[in-house]
There are 2 protein chains.
Amino acid sequence: MSDELLRALDQAGVRLTGPRREIAALIAKRNGHFTAADLIADASKRRLGVGRATIFRLLDLLAEQGLVERVDLPDGRHAYVPCEPSHHHHLVCVSCGAIAEVDDCGIDAVTAEASRRSGFSIESHRLELFGRCPNCRSAN
Amino acid sequence: MSDELLRALDQAGVRLTGPRREIAALIAKRNGHFTAADLIADASKRRLGVGRATIFRLLDLLAEQGLVERVDLPDGRHAYVPCEPSHHHHLVCVSCGAIAEVDDCGIDAVTAEASRRSGFSIESHRLELFGRCPNCRSAN
DNA sequence: GATTGATCCGATACTTAGTCTCATTAGAGT
DNA sequence: ACTCTAATGAGACTAAGTATCGGATCAATC
Ligand SMILES: [Mn+2]
Ligand SMILES: [Mn+2]
Ligand SMILES: [Zn+2]
Ligand SMILES: [Zn+2]
């Protein structure tokens, strides 16, 4: 349900407008990752009158709040996934686009080692794992 | 020097054309990451007559050969870094754009654990580390 | 060194993602 | 209900990237 997104937006002190409710519903209805273009297509299919720019604006806002996270697909597309606001990483199914979240399982040791070897101080990292989800594994 | 790129291209069995030599030289002259737009600007500044499309085409080709790798910057831009063809990851200096390469230091354990928890089979991963290089650390 | 054919080229048109501006609307606190 | 500001949709605009195509050029062969 989109209630979660809306509640979090309310929390963030921004207005709960009509278009935002509608777009949030579209996002909630999706599974796996989606692009801005997907949402724009959804919206126009349902004849919601929301403007293109409004969708980009809401995605930015949600990303700032950590409610949605940007994923760079291997093919170069920019997608988003609905998200817990805490730090974690994403498993992306290359077959169906399903997403699983994993929290840090040992990454900190890796970054510490990389820092030691390179002399860099590490401020942030991005780890994306690509593979096949349980469904797609058994389906084939 | 760009000789390394050219040798590798030759190895790959493609033609060593004039434009490719010139673009390779531009890449070799860069340090840190660069975007297609950077190269296009470099080329036009030097009045090389190379076409925009040729630059995109060579970047694709180099990326296929693993001589250059695409990095998705935190701000969403697509950049490239000159690269060893073997698997490894990149440390990106958020201040000056310098790059260091680190090979797998314990990532496999992380992906194995993520796979166990999620049921995904993991086929590939992408790890990017962002921070400050030794130069930029001491410069401030 | 000339011939030749596939590869590669630049020009140009096109598509798509994303941003910006601005006049109008509508949310939320009073 | 009133008000003031945040947010909206329309549309122009920019920038990234792709597709097409006739002409140039590389490199293998003779
Ligand atoms: Mn997430
Ligand atoms: Mn590299
Ligand atoms: Zn799947
Ligand atoms: Zn630096």
Side-chain angles (χ1 to χ4, degrees), chain A residues 2 5-27 33-65 67-80, chain B residues 5-26 33-65 67-80:
Chain A
S2 59
L5 286 177
L6 296 176
R7 205 171 335 113
L9 279 179
D10 192 27
Q11 198 83 19
V14 301
R15 289 189 184 168
L16 243 46
T17 68
R20 282 178 179 167
R21 292 169 195 275
E22 286 163 346
I23 300 168
L26 293 181
I27 292 175
H33 55 68
F34 57 89
T35 62
D38 289 333
L39 295 182
I40 292 168
D42 289 355
S44 94
K45 191 177 307 175
R46 306 194 177 213
R47 304 270 188 299
L48 314 177
V50 308
R52 249 165 52 84
T54 303
I55 291 180
F56 282 105
R57 286 189 281 234
L58 183 59
L59 283 173
D60 286 348
L61 181 57
L62 293 175
E64 270 169 33
Q65 307 295 323
L67 301 169
V68 123
E69 199 169 322
R70 200 170 169 148
V71 176
D72 296 295
L73 265 20
D75 65 16
R77 274 150 60 220
H78 293 156
Y80 295 85
Chain B
L5 286 177
L6 295 176
R7 205 172 333 114
L9 279 179
D10 192 26
Q11 199 84 19
V14 301
R15 290 193 182 164
L16 243 46
T17 67
R20 283 179 179 166
R21 291 170 196 276
E22 284 163 347
I23 300 168
L26 293 181
H33 55 67
F34 57 88
T35 62
D38 289 333
L39 295 182
I40 292 166
D42 289 355
S44 94
K45 191 176 308 174
R46 306 192 177 213
R47 303 272 189 295
L48 315 177
V50 308
R52 253 166 49 85
T54 303
I55 291 180
F56 282 104
R57 286 188 281 234
L58 182 58
L59 283 173
D60 286 348
L61 180 57
L62 292 175
E64 270 169 32
Q65 307 295 326
L67 301 170
V68 124
E69 199 169 321
R70 199 169 168 149
V71 176
D72 296 295
L73 266 19
D75 65 16
R77 274 150 59 220
H78 292 157
Y80 295 85

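Lettering of chains follows the sequences in order, A, B, ..., and the numbering in each one begins at 1.
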Can you name the atoms? Protein N/O to nucleotides 26-29 of chain C N/O, anything below 3.5 Å, with the distance.
unit_1, atom_1, unit_2, atom_2, d
C:dG27, N2, A:R15, NH2, 3.0
C:dA28, OP1, A:L16, N, 2.8

Next item on the list: Report the distance from atom CZ of A:R70 to atom OG1 of A:T35, rounding to the nearest 0.5 Å.
Entry: 11.0 Å

Check: Should A:E64 and A:L61 count as side-chain neighbours, where that means a heavy-atom distance under 4.5 Å?
Finding: yes

Check: Rounded to whole angstrom units, what separation is found between the CZ atom of B:R57 and the C1' atom of C:dA11?
Finding: 10 Å

Listed pairs, N/O of protein and of nucleotides 16-18 of chain C, under 3.5 Å:
unit_1, atom_1, unit_2, atom_2, d
C:dG18, OP1, A:R70, NH2, 3.4
C:dG18, OP1, A:H78, ND1, 3.1
C:dG18, N7, A:R52, NH2, 2.4
C:dG18, O6, A:R52, NH2, 2.9

Note to self: Using 0.5 Å steps for rounding, measure from the CZ atom of A:R21 to the CG atom of A:L5.
What the structure shows: 12.5 Å

Item checked: Shortest non-hydrogen separation from B:V50 to B:A43 and the atoms involved -> CG2-CB, 3.7 Å

Note to self: Return the CZ to CG distance between A:R77 and A:D72, rounded to the nearest 0.5 Å.
What the structure shows: 11.5 Å

Checklist line | chain B contact limits on DNA chain D, taken 5' to 3' with a cut-off of 4.0 angstrom to heavy atoms | finding: D:dA16 to D:dA27

Check: Does B:D38 reach the side chain of B:Y80, with side-chain heavy atoms less than 4.5 Å apart?
Finding: no

Checklist line | Test item: A:L39 and A:L59 side chains (from C-beta on) under 4.5 Å apart, heavy atoms | finding: yes

Item checked: Audit row: B:L26, B:L48, side-chain contact (heavy atoms from CB on, under 4.5 Å) steps and yes/no -> CA-CA 11 Å; B:L26 293 181; B:L48 315 177; 4.0 Å; yes

Note to self: Quick check against the 3.5 Å criterion: does B:D10 have a side-chain atom that pairs as donor or acceptor with the backbone of B:R7?
What the structure shows: no

Margin query: Whole angstroms only, please: what is the CG-P distance between B:L58 and C:dT7?
Written below: 17 Å

Note to self: In whole Å, I'd like the distance from the CG atom of B:L59 to the P atom of C:dC9.
What the structure shows: 12 Å

Margin query: Regarding B:R20, tell me which of base, sugar-phosphate or nothing describes its non-hydrogen contacts under 4.0 Å with the strands shown.
Written below: sugar-phosphate

Check: For B:G76, which contact category applies under a 4.0 Å heavy-atom criterion: base, sugar-phosphate, or nothing?
Finding: nothing

Notebook entry, point to check: Any side-chain heavy atom of B:I23 within less than 4.5 Å of one from B:D42?
Noted result: no

Checklist line | Exercise: identify the closest heavy-atom pair between A:R20 and A:L6 | finding: O-CD2, 4.3 Å

